[in-house]
A.B. asks: 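First the structure, which I've put down as structure tokens, then a few questions once you've had a look.
Position 1 is the first residue of the sequence; numbering continues from there.
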Amino acid sequence: MTQPESPAQAQIEQLFTVFDGSSPADVSHARRLWSSLSLLPPQESRLVSADLRQRLPVSRPQPSSTGPKPSVPLLLPQPPSIASVRQREEERQRYRSMADQRREILALLRRQREQRIHKEMLSVAVKPKGKMSRGVKPTKAPESNEMDKELVRQLH
């Protein structure tokens, strides 16, 4: 009588191919064949499509300096041409003018800010206090008014 197989043993036999009674050479060839025939996962389960090139091309090795040198003459660095020097100087001048313009704009903004603060300081003394309704005292304490003035002074 044969022994009843355990469920784990039955599952193993379904998942794996067993080469009983085969020669070791046949087993080796069969293993190589099955390992080379692995199927790719379905397209939906892949994180990256196989048809997209995602890596940069590999750089080619540079010729070594120890080997025989080809008979190509060495190219010495050429002095910059007059046109390129002139173009660079024009770019520098343009950037300098842009920097000067930026400084002027920032100075103008600073002056306008100072004028606004100065006008605010002048108008604080003349500004009407909040309307007082039937005996309700103002909610602003005198020390908070002093703090406001101090904060405005710090803005200078």
A.B. asks: More than 12 foreign heavy atoms under 6.0 Å from CD1 of Ile82: is that the case here?
C.D. replies: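 Not more than 12 within 6.0 Å, no.
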
A.B. asks: Charged N to carboxylate O below 4.0 Å: is that the case for Glu114 and Arg111?
C.D. replies: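 Here Glu114 does not pair with Arg111 in a salt bridge, since their nearest N and O are not under 4.0 Å apart.
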
A.B. asks: How many angstroms lie between atom CD of Glu90 and atom CD of Gln87, to the nearest 0.5 angstrom?
C.D. replies: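 One gets 7.5 Å once the value is rounded to the nearest 0.5 Å.
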
A.B. asks: When you check the side-chain N and O atoms of Arg32 and Ser28, is any donor under 3.5 Å from an acceptor?
C.D. replies: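 Per modelled atom types, Arg32 and Ser28 side chains form a pair under 3.5 Å.
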
A.B. asks: Output a table of donor-acceptor pairs, distance under 3.5 Å, between side-chain atoms of residues 96-108 and any protein atom two or more places apart or on a different chain; print 'none' if there are none.
C.D. replies:
residue	atom	partner	partner atom	Å
Arg96	NH1	Gln93	OE1	3.2
Ser97	OG	Arg94	O	2.7
Asp100	OD1	Arg103	NH1	2.6

A.B. asks: Mind checking what makes side-chain hydrogen bond (donor to acceptor under 3.5 Å, both in side chains) contact with Ser123, not counting sequence neighbours?
C.D. replies: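 With neighbours one apart ignored, the set is empty.
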
